[in-house]
Amino acid sequence: MLIDLSVPITSGMPVYPGDPEVLVTPALTVAADGVNVLALHLGSQSGTHVDAPFHIDDSLPDLDELPLSRFMGPAVVVDVRGMPPRSAIPASAFSEVPPDVLVLVATGWSAYWGTERYLEHPYLSWGAAALLVARRTRAVAIDALSVDPTPAQAFPAHRELCGAHVVIGENLTNLEPVIAAQRAGRPIELSLLPIKIDSADGAPVRAVARVV
């Protein structure tokens, strides 16, 4: 079973404060030109996307420099739904995460996509990020706008994860069936493969979970 964990790219969709607005318009049409082609204007961090370490430090690897194994593989879900707005997810929530996996963080905040409340999401504490680095986590993907608070100043979770070349995924959705599959004891695989953009700090992805 394949489960789509991605939000659609649409004009006017939510973006991180200060990021480029998204605009999707027809560039060519069958009626006028014989083919349909869309014109896309968006930032590298638009929609469901991944961050490369380069996102927060010029000296760190960009997307091209990361092995593809960072973006796909066995995954586990950490269910922290019910946490208060703007609360830090503690390291203890990740105590059962095994090494060398991709981690999905289910806050439940995707339910607020498109509303002001979406900016009030829970986020990773520095301790949680440090624990995941110690577990050699390949990627951390959250169903919220950021792994740090919005807005943020120092970006401690980003800096901890990116410093260890851990891929960060943000703005995931539809984690409920993945949680149900994990509770039923079914193995999960995750793909966060990004669009191939040269020297990129990040890129949109079609995030997909495969339930074995």
Side-chain angles (χ1 to χ4, degrees), residues 1 3 5 48-53 55-57 60 66-67 69-112 118-150 152-192 205 207-212:
M1 178 172 63
I3 303 169
L5 309 179
T48 305
H49 67 274
V50 291
D51 298 350
H55 180 47
I56 55 94
D57 191 321
L60 293 174
L66 294 174
S69 58
R70 284 279 181 186
F71 300 94
M72 58 193 307
V76 298
V77 188
V78 175
D79 187 359
V80 294
R81 291 175 297 176
M83 291 197 67
R86 300 193 183 281
S87 56
I89 305 168
S92 59
F94 301 92
S95 60
E96 301 301 317
V97 170
D100 196 32
V101 298
L102 291 82
V103 176
L104 287 162
V105 185
T107 68
W109 235 253
S110 60
Y112 304 115
Y118 193 62
L119 278 65
E120 301 174 359
H121 58 88
Y123 55 90
L124 296 187
S125 64
W126 174 84
L131 184 149
L132 292 171
V133 167
R135 298 282 168 87
R136 304 189 308 280
T137 300
R138 301 186 197 184
V140 180
I142 192 168
D143 61 345
L145 189 56
S146 176
V147 294
D148 281 301
T150 302
Q153 299 297 325
F155 298 97
H158 273 85
R159 295 195 177 280
E160 183 68 23
L161 295 170
C162 289
H165 300 182
V166 178
V167 169
I168 297 172
E170 293 163 332
N171 291 327
L172 274 74
T173 191
N174 194 34
L175 293 185
E176 292 82 0
V178 186
I179 295 169
Q182 180 169 278
R183 287 177 175 169
R186 300 181 66 181
I188 299 161
E189 297 173 355
L190 178 64
S191 172
L192 297 172
V205 305
V208 177
R210 178 173 180 264
V211 177
V212 181

[X] side chain near [Y] side chain, heavy-atom distance below 4.5 Å:
X	Y	value
R183	D79	yes
M83	P90	yes
L5	L190	yes
L66	P53	yes

Taking P98's backbone N and O only, do any of them form a donor-acceptor pair with R136's side chain (distance below 3.5 Å, no angle check)?
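No, the answer is negative, given that no donor and acceptor are paired below the 3.5 Å cut-off.
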Whether R138 side chain and M72 backbone form a donor-acceptor pair below 3.5 Å
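Such a contact is found between R138 side chain and M72 backbone.
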So, using salt bridge (Lys or Arg N to Asp or Glu O under 4.0 Å) as the criterion, who are the partners of [X] when residues are at least two apart?
X	answer
D57	none
R186	none
R210	E189

Euclidean distance, [Y] [atom2] relative to [X] [atom1], rounded to 0.5 Å:
X	Y	atom1	atom2	answer
R70	L102	CZ	CG	9.5 Å
D148	I168	CG	CD1	7.5 Å
I142	W109	CD1	CH2	10.5 Å

Taking all non-hydrogen atoms of both residues into account, name the closest pair between [X] and [Y] and its distance.
X	Y	value
A141	L192	CB-CD1, 4.1 Å
Q182	I188	CB-CD1, 3.7 Å
A91	S125	N-OG, 3.8 Å
R159	I56	NH1-O, 3.4 Å
H158	S146	CE1-OG, 3.3 Å
V97	R135	O-NH1, 2.7 Å

Considering the options V76, T137, V105, V140, which one meets the side-chain contact (heavy atoms from CB on, under 4.5 Å) requirement together with F94?
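For F94, the side-chain contact (heavy atoms from CB on, under 4.5 Å) check succeeds only for V105.
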Distance-only criterion, 3.5 Å: show the donor-acceptor pairs between side-chain atoms of residues 171-181 and protein atoms not counting sequence neighbours.
from: N171; atom 1: OD1; to: Y118; atom 2: OH; distance (Å): 2.7
from: N171; atom 1: ND2; to: G47; atom 2: O; distance (Å): 3.0
from: N174; atom 1: ND2; to: D4; atom 2: O; distance (Å): 3.1

Just to verify, what does V133 make a side-chain contact (heavy atoms from CB on, under 4.5 Å) with, not counting sequence neighbours?
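Scan of V133 (side-chain contact (heavy atoms from CB on, under 4.5 Å), adjacent residues dropped) gives E160, L161, A164, V166.
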Go through the structure and list residues passing side-chain contact (heavy atoms from CB on, under 4.5 Å) with Y123, not counting sequence neighbours.
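Per chain and number, Y123 pairs via side-chain contact (heavy atoms from CB on, under 4.5 Å) with A88, H121, P149.
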